[in-house]
Structures are given as structure tokens and as C-alpha cells.
Q: 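First, the structure itself, so that you have it in front of you.
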Amino acid sequence: MSDNQHERRPPEAPFWRSPVGYVLMCFLAVIGILLAFEHRAHIFSGDAFLVALLVACVVMHLFMHGGHGGHSDK
């Protein structure tokens with residue numbers, strides 16, 4: 001069979017854009033907010049805040065690459 005005889009399917013959405021992914025992100029956000037509220041004395045004390053800021057930058061870098069296609073050559 002040639003390529004034009006095969007049915008072309010649209011690319012699948014990543015997990016984070018699926019309904020389950022949205023629910024998981026909301027759940028993790030609520031858990032994070034509750035933990036931050038309950039442990040704010042520990043989080044916002046000097047060094048812990050700087051470490052959390054550094055970790056947030058790394059995590060944002062990992063997740064934000066999905067918006068522009070990452071580092072692939074395709």
C-alpha cells in the first residue's frame with residue numbers, strides 16, 4: 001500500500017492536555033496550595049524560599065518546552 005492509501009490520524013494530544021491530565025494538575029495545585037498554607041513558616045524562611053524558587057524555575061523550564069515543540073529537529 002502506498003502512503004496516500006493509509007488513513008491519516010491527527011497527532012495525539014500529550015497527557016497533560018487530556019481530561020485526566022487537567023484533573024491531575026488541578027489536584028496537585030490544590031495540594032500544593034494547602035501544603036504551602038499549612039507550612040508557610042517553613043517555606044518562607046530564608047533559604048527554603050530560595051531553594052523553592054530555584055526548583056520552580058527548573059520545573060517551569062521542563063514543562064514550558066512543550067509549547068514550542070521542545071528541542072526536537074522535526
Side-chain angles (χ1 to χ4, degrees):
M1 295 182 129
S2 65
D3 286 335
N4 55 1
Q5 291 177 347
H6 290 282
E7 181 180 327
R8 298 198 186 261
R9 292 183 288 168
E12 294 183 21
F15 173 74
W16 297 110
R17 294 190 184 254
S18 69
V20 174
Y22 285 131
V23 170
L24 180 63
M25 286 191 296
C26 290
F27 178 74
L28 291 175
V30 168
I31 294 297
I33 290 169
L34 290 174
L35 280 172
F37 182 75
E38 290 296 323
H39 298 281
R40 65 184 175 269
H42 306 293
I43 293 172
F44 297 115
S45 66
D47 294 334
F49 180 71
L50 295 176
V51 171
L53 183 63
L54 180 64
V55 169
C57 291
V58 171
V59 170
M60 284 175 46
H61 178 77
L62 291 174
F63 285 111
M64 298 300 278
H65 272 290
H68 66 78
H71 290 285
S72 65
D73 294 333
K74 294 180 182 180

Q: Hey, any chance Val23 and Leu28 share a hydrophobic cluster, counting ILVMFWY side chains that come within less than 4.5 Å of each other, even indirectly?
A: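 No; tracing contacts between hydrophobic side chains, which count when under 4.5 Å, never links both residues.
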
Q: Among all residues two or more places apart in sequence or in another chain, which pass the side chain to side chain contact (heavy atoms under 4.5 Å, CB included) test with Val30?
A: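 In terms of side chain to side chain contact (heavy atoms under 4.5 Å, CB included), with neighbours along the sequence ignored, Val30 is linked to Leu34.
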
Q: Do Leu53 and Leu35 share a hydrophobic cluster, counting only Ile, Leu, Val, Met, Phe, Trp and Tyr and linking them when any side-chain heavy atoms are less than 4.5 Å apart?
A: no

Q: Applying side chain to side chain contact (heavy atoms under 4.5 Å, CB included), name anything that partners Val55, two or more places apart in sequence or on another chain.
A: Val51, Val59

